[in-house]
**Student:** 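One structure, as structure tokens, below. Some questions next.
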Amino acid sequence: MVHGPCGIINPNAPCMKDGECSKQFPKAFREETEENVNGYPVYKRRCTEPVRAGKHYIDNRWIVPYNPWLSKKYNAHINVEVCASVKSVKYLYKYVYKGHDAASITLKNDDSVNHDEILNFLDGRYVSAPEVMWRLSEFSRSDKSHTVIRLAVHLPEQQAIFLKERQENEAVERASIKDTTLTAWFKLNLIDEEAHEYYYADIPQYYVFDKPSTKWQKRQRGGQQVIGRMPVVSVQDSERFYLRMLLLRKTGVISFNDLKTIDGTLCETFQESCKVLGLLDGDQHWHDTLLIAARMQLPSYLRILFAIICGFGEVENIPDLWTQHKQSLSEDFVHRYSEETGPFYALAELNELLKSYDLNLRKVNLLSVDLQCDLFRLSYDAMEEQSKANANIEKLNSEQRYAVYKVLHAIYEYQTDTPKCFFLDGPAGTGKTFVYSLLHAVRGKGDQGIAVASTGIAATLLSGGRTAHSIFKIPLTLNATSTCNLKPNTSEAKILLDAKVIVWDEAPMTYVHAFLAVDRLLKDLTKCDEPFGGKIILLGGDFRQVLQVILRGSRSLTVSSCIKKHRLCSDFFVMKLTENMRAFDSEKEFASSLLHVGEGESGEKIQLPPFCYPEIQDPVQQLFSDIDFKTVTPEELVGRAILTVTNDLSMQINNRVLECMPGNEVIYESIDNIVSNDPQDQLAYTEEFLNSLTPTGMPPHKLRLKPGAIIMLLRNLASSKCLCNGTRLIVIQLQKNVIVAKKISADNNNESYLIPRIPLIPSDSNIPFQFKRKQFPIRLAFSMTINKAQGQTFDKIRLDLTKPVFSHGQFYVGLSRVRSFDSVTVVSPNSEIYNCVYREIL
């Protein structure tokens with residue numbers, strides 16, 4: 001790397017000042033490197049023979065400090081200096097903090113204007129580094145990918161008029177005989193039935209607006225790159241705002257009056273039409289929901305629906321809702337008791353159902369009742385529970401029996417050296433659920449045992465299971481100092497105090513701050529400083545499975561947020577289950593391979609049996625190729641699922657499977673609005689933009705369903721009835737305001753439940769604003785993400801790994817949803833599967 005002899009080669013070079021090189025080349029020969037206080041070191045330069053370079057002779061005095069390896073790596077000249085002084089270090093910080101380059105232009109205005117716009121632009125032109133790279137890569141700096149057609153939105157006879165001065169009458173007359181894009185759409189729907197399939201905003205994709213004739217004409221070609229856009233209307237311009245809302249939802253409209261007609265009734269205003277459609281806040285939607293539900297379901301299921309509405313529905317007047325529907329809600333109790341006392345029993349049951357939402361009759365302004373009976377009290381028959389305990393204990397192997405007796409000994413024969421906190425660790429198939437049968441033994445002695453789980457779907461697998469958040473009132477947003485929202489001297493607190501044991505399943509999925517909050521709660525309730533207030537607690541789970549999700553969390557942050565890496569873990573006595581309880585040899589071989597996956601290395605290539613890689617690449621065709629959708633029953637579909645890594649892919653597959661199913665498709669469109677009191681936010685975030693979003697854990701804007709479809713709940717609607725987040729159901733009926741569905745269960749329980757449309761606010765903090773979506777809290781569940789499938793069991797699955805796994809335990813969880821390799825097929829690029837395991841958590 002040679003610094004050219006500036007004074008000889010180029011006297012006008014930038015580094016030349018007063019005929020000398022500003023970089024002080026050529027340097028003097030030196031035998032040793034010396035430190036320079038005011039700059040860079042003076043490097044060692046041996047005296048060498050000059051080398052001819054063109055007309056000049058160059059020796060070691062012209063060599064710039066460099067690193068041959070860096071020069072070869074980056075194929076560039078790189079000046080390497082040692083930062084050996086404060087001045088040289090400051091030189092680096094100057095470039096970090098000096099800010100971006102800028103150009104200053106001064107325009108002087110004398111008596112005459114002498115402004116060369118082109119020259120001033122060239123003088124002041126600054127090309128930033130990103131723009132330089134964009135130009136070097138030959139990317140288009142300005143381009144129009146789509147043609148945007150502006151669509152008029154106006155009230156009757158209030159379209160925009162363009163006129164010249166003193167020609168007002170002519171302009172009005174001209175406008176009266178010409179159609180706008182809106183009125184022309186009305187006329188198009190009169191003569192073209194095909195146009196009835198499209199919304200107003202979608203018309204430009206299929207029709208062209210001819211300005212001379214002011215008519216929509218069928219497009220012959222090229223509508224894919226055309227977008228129709230309605231102008232944003234402020235909510236303060238109310239009638240026009242509601243007109244725009246209707247245009248987003250109605251097709252085949254032939255007039256403004258037709259737009260205001262709902263179910264054959266002409267409304268006076270567009271606002272009233274929106275209200276009848278349920279697009280505005282108000283209780284009419286809930287009245288209509290209960291009226292429809294009363295025609296289909298028994299009063300007991302209506303009361304569950306009423307509790308869900310109170311818990312999620314943002315009802316303005318709950319007492320009025322109860323008064324108007326009291327007869328249908330308490331009809332069974334009226335027949336059992338009397339017309340006077342029946343409603344009180346209905347209210348008492350409602351009070352129990354409302355506890356799942358941290359509510360009671362007093363909080364919702366209903367009449368409080370105090371019926372001293374066991375009808376609504378969670379209780380267990382001691383003889384029956386003891387019988388279940390004895391039956392389960394006979395099935396236990398030695399490891400399971402040791403764990404059960406160890407916990408029971410701590411409960412009933414406690415000694416000073418006996419631990420009180422236990423952790424049951426075991427991979428899939430080792431029978432952790434059998435160990436939890438100790439709850440039957442505790443309840444068989446007449447004592448109370450609490451069963452909780454980190455997820456709703458896991459809680460449904462436990463006897464009397466509830467989610468940990470609902471039992472302990474753990475806040476959704478957690479930090480190191482979070483506390484549970486459970487007050488002493490309440491019935492919920494008394495249940496915790498009376499409990500002999502607390503069983504907590506799927507503990508690895510829980511954020512460690514949740515355990516710390518529960519630890520503080522139990523210490524406060526029991527007035528005891530021992531871990532968890534001295535309560536016997538059994539945590540269970542498998543650290544090979546997916547851990548808690550930390551938004552934008554790194555690997556180290558995810559690991560550190562797990563209880564295993566916290567000081568609290570030292571208080572637990574660990575019991576391990578290693579013996580696999582699979583019935584057949586093939587299943588045991590599968591379990592052994594599964595264990596290898598769960599305890600493998602990140603980046604390790606996993607080899608599965610050749611028959612796990614299907615020739616058919618299409619996921620729907622491959623999984624359902626042996627099923628005739630014309631005659632298939634929902635029960636034949638529930639045992640199959642396509643598991644994906646991302647939500648987007650799972651939703652695409654779900655819609656494809658739905659298209660194959662027989663029956664008429666029903667589309668439920670959500671009502672989205674921004675959560676803000678600022679009218680300007682309504683203009684910044686249009687309804688069409690909000691409709692296009694589908695955050696994690698939210699239903700889509702357009703929910704497509706058919707009777708017999710498999711769906712999954714996205715909220716804990718009624719934990720006491722096992723209607724939890726992740727619960728799968730089969731659609732029975734599709735009504736306007738309510739969906740009837742039955743649970744998928746092994747005991748052939750055909751009980752059906754009513755799912756209402758409720759307001760949902762996404763918890764995804766990646767979105768810089770809050771919006772509310774009013775939609776049924778469900779998604780299709782023919783396909784789901786691997787994370788969402790945790791806790792589910794299937795007869796046959798298809799693992800779609802076209803996008804590789806990216807989190808600890810994902811591949812392990814995907815495989816463990818079945819019992820053998822015969823039940824799983826995998827698709828991945830080039831048939832290569834790379835594992836992802838955080839070994840430090842094991």
**Student:** Using salt bridge (Lys or Arg N to Asp or Glu O under 4.0 Å) as the criterion, list what pairs up with Arg229, not counting sequence neighbours.
**Tutor:** none

**Student:** Answer yes or no: is there a side-chain heavy-atom contact under 4.5 Å between Leu259 and Leu243?
**Tutor:** yes

**Student:** Could you measure the distance from the CD1 atom of Ile318 to the CD1 atom of Ile309? Nearest 0.5 Å is fine.
**Tutor:** 9.5 Å

**Student:** Checking the side chain of Thr181 only, and the main-chain atoms of Ala152 only, is there a donor and an acceptor separated by less than 3.5 Å?
**Tutor:** yes

**Student:** Apply ring pair (Phe, Tyr, Trp, His ring centres under 6.0 Å) to Phe771 and Tyr685, showing your working.
**Tutor:** CA-CA 9 Å; Phe771 79 98; Tyr685 305 104; 9.4 Å; no

**Student:** Can you find a heavy atom in the side chain of Cys274 that is under 4.5 Å from one in the side chain of Leu277?
**Tutor:** no

**Student:** So Ile778 and Leu705, do their side chains get closer than 4.5 Å, heavy atoms only?
**Tutor:** yes

**Student:** Can you name the side chain to side chain donor-acceptor pair (under 3.5 Å) partners of Lys187, sequence neighbours left out?
**Tutor:** Asp179

**Student:** Give, for atom NE2 of His325 and atom OG of Ser330, the distance between the pair rounded to the nearest 0.5 Å.
**Tutor:** 12.5 Å

**Student:** Mind checking what makes ring-ring contact (aromatic ring centres under 6.0 Å, His included) contact with Phe312, not counting sequence neighbours?
**Tutor:** Tyr357

**Student:** Quick one: are the ring centres of Tyr753 and Tyr301 less than 6.0 Å apart?
**Tutor:** yes

**Student:** Salt bridge check: are Lys706 and Glu665 linked by an N-O gap of less than 4.0 Å?
**Tutor:** no

**Student:** Determine, stepwise, if the pair His154 / Thr180 fulfils side chain to side chain donor-acceptor pair (under 3.5 Å).
**Tutor:** CA-CA 9 Å; His154 60 82; Thr180 63; 2.8 Å; yes

**Student:** Does the side chain of Pro299 reach to within under 4.5 Å of the side chain of Leu329, using non-hydrogen atoms?
**Tutor:** no

**Student:** Is any side-chain N of the basic residue among Glu194 and Lys218 closer than 4.0 Å to the acidic one's carboxylate O?
**Tutor:** yes

**Student:** Checking Asp628 now: which residues fulfil salt bridge (Lys or Arg N to Asp or Glu O under 4.0 Å) with it, not counting sequence neighbours?
**Tutor:** none

**Student:** List for me each residue that meets side chain to side chain donor-acceptor pair (under 3.5 Å) alongside Arg656, sequence neighbours excluded, and say none if there are none.
**Tutor:** Asp618

**Student:** Checking Phe270 now: which residues fulfil ring-ring contact (aromatic ring centres under 6.0 Å, His included) with it, not counting sequence neighbours?
**Tutor:** none

**Student:** I'd like to check the ring-ring contact (aromatic ring centres under 6.0 Å, His included) partners of Trp286; sequence neighbours left out, ordered by chain and number.
**Tutor:** none

**Student:** Excluding sequence neighbours, so at least two apart, what forms ring-ring contact (aromatic ring centres under 6.0 Å, His included) with Tyr207?
**Tutor:** none

**Student:** Classify the angle between the aromatic ring planes of Phe782 and Phe624 as parallel (below 30°), tilted (30 to 60°) or perpendicular (above 60°).
**Tutor:** perpendicular

**Student:** Hey, is the main chain of Tyr198 close enough, under 3.5 Å, to the side chain of Asp202 for a donor-acceptor pair?
**Tutor:** no

**Student:** Determine yes or no for a side-chain-to-main-chain donor-acceptor pair under 3.5 angstrom, with Gln770 supplying the side chain and Ser676 the backbone.
**Tutor:** no

**Student:** Give, for atom CD of Gln733 and atom NZ of Lys742, the distance between the pair rounded to the nearest 0.5 Å.
**Tutor:** 12.5 Å

**Student:** Are any of the side-chain nitrogens in Asp281 or Lys275 under 4.0 Å away from the carboxylate oxygens of its partner?
**Tutor:** no

**Student:** Using distance alone, with no hydrogens and no angle criterion, decide if Thr633 and Glu636 have a side-chain donor and acceptor under 3.5 Å apart.
**Tutor:** yes

**Student:** With no hydrogens and no angle check, is any side-chain donor or acceptor of Ser650 less than 3.5 Å from a backbone partner on Met784?
**Tutor:** no

**Student:** Between Leu280 and Tyr242, is there a side-chain heavy-atom distance shorter than 4.5 Å?
**Tutor:** yes

**Student:** Is there any ring pair (Phe, Tyr, Trp, His ring centres under 6.0 Å) pair reaching into residues 635-667, and which pairs are they, with sequence neighbours excluded?
**Tutor:** none

**Student:** Does Lys721 reach the side chain of Leu353, with side-chain heavy atoms less than 4.5 Å apart?
**Tutor:** yes

**Student:** Does Val638 reach the side chain of Phe794, with side-chain heavy atoms less than 4.5 Å apart?
**Tutor:** no

**Student:** Step by step, would you call Arg779 with Asn647 a side chain to side chain donor-acceptor pair (under 3.5 Å)?
**Tutor:** CA-CA 11 Å; Arg779 272 189 185 178; Asn647 271 312; 3.0 Å; yes

**Student:** According to the ring pair (Phe, Tyr, Trp, His ring centres under 6.0 Å) rule, which pairs have a member within residues 162-191, sequence neighbours left out?
**Tutor:** Trp185-Tyr200, Phe186-Phe256

**Student:** Hey, could you give me each pair passing side chain to side chain donor-acceptor pair (under 3.5 Å) that has a residue in residues 247-258? Not counting sequence neighbours.
**Tutor:** Arg249-Glu687

**Student:** Does a salt bridge link Glu669 with Arg704, judged by any charged N lying under 4.0 Å from a carboxylate O?
**Tutor:** no

**Student:** Would you call Asp672-Arg773 a salt bridge at under 4.0 Å N-O?
**Tutor:** yes

**Student:** Measure the spacing between CD1 of Ile254 and OG1 of Thr261 and express it to the nearest 0.5 Å.
**Tutor:** 9.0 Å

**Student:** Step by step, work out the side chain to side chain donor-acceptor pair (under 3.5 Å) result for Lys788 and Asn725.
**Tutor:** CA-CA 9 Å; Lys788 202 68 176 178; Asn725 185 358; 2.7 Å; yes

**Student:** Could you list the residues that satisfy side chain to side chain donor-acceptor pair (under 3.5 Å) with Gln622, not counting sequence neighbours?
**Tutor:** Arg798, Thr825

**Student:** Would you confirm whether His196, through its side chain, and Asn189, through its main-chain N or O, come within 3.5 Å as a donor-acceptor pair?
**Tutor:** yes

**Student:** Would you mind checking if Glu314 and Lys772 are paired as a salt bridge, meaning a charged N to carboxylate O distance below 4.0 Å?
**Tutor:** yes

**Student:** How long is the straight-line distance from SG of Cys724 back to CG of Asn716, given to the nearest 0.5 Å?
**Tutor:** 5.0 Å

**Student:** Mark yes or no for whether Arg240, through its side chain, and Val153, through its backbone, hold a donor-acceptor pair below 3.5 Å.
**Tutor:** yes

**Student:** Would you say the side chain of Cys267 lies within less than 4.5 Å of the side chain of Val276, judging by non-hydrogen atoms?
**Tutor:** yes

**Student:** Could you walk me through whether Arg303 and Glu331 pass salt bridge (charged side-chain N to carboxylate O under 4.0 Å, His left out), step by step?
**Tutor:** CA-CA 11 Å; Arg303 289 190 286 272; Glu331 184 178 357; over 6 Å; no

**Student:** Using a 3.5 Å distance criterion without hydrogens, assess whether the side chain of Arg728 forms a donor-acceptor pair with backbone atoms of Ile710.
**Tutor:** no

**Student:** I would like to know whether Asn787 and Thr785 meet side chain to side chain donor-acceptor pair (under 3.5 Å); could you show each step before the answer?
**Tutor:** CA-CA 5 Å; Asn787 290 38; Thr785 62; 5.5 Å; no

**Student:** Please round to the nearest 0.5 Å and tell me the distance separating atom CG of Leu690 and atom CD1 of Ile671.
**Tutor:** 13.0 Å

**Student:** Whether the side chain of Thr727 engages the backbone of Leu723 through a donor-acceptor N/O pair (distance < 3.5 Å, no angle test) should be reported.
**Tutor:** no

**Student:** Quick one, Arg640 with Asp626, criterion salt bridge (charged side-chain N to carboxylate O under 4.0 Å, His left out). Give me CA distance, side-chain angles, the key distance, then yes/no.
**Tutor:** CA-CA 12 Å; Arg640 307 182 183 211; Asp626 58 335; 2.8 Å; yes

**Student:** If you measure only the distance, is there a donor-acceptor pair under 3.5 Å linking the side chains of Asp320 and Gln324?
**Tutor:** yes

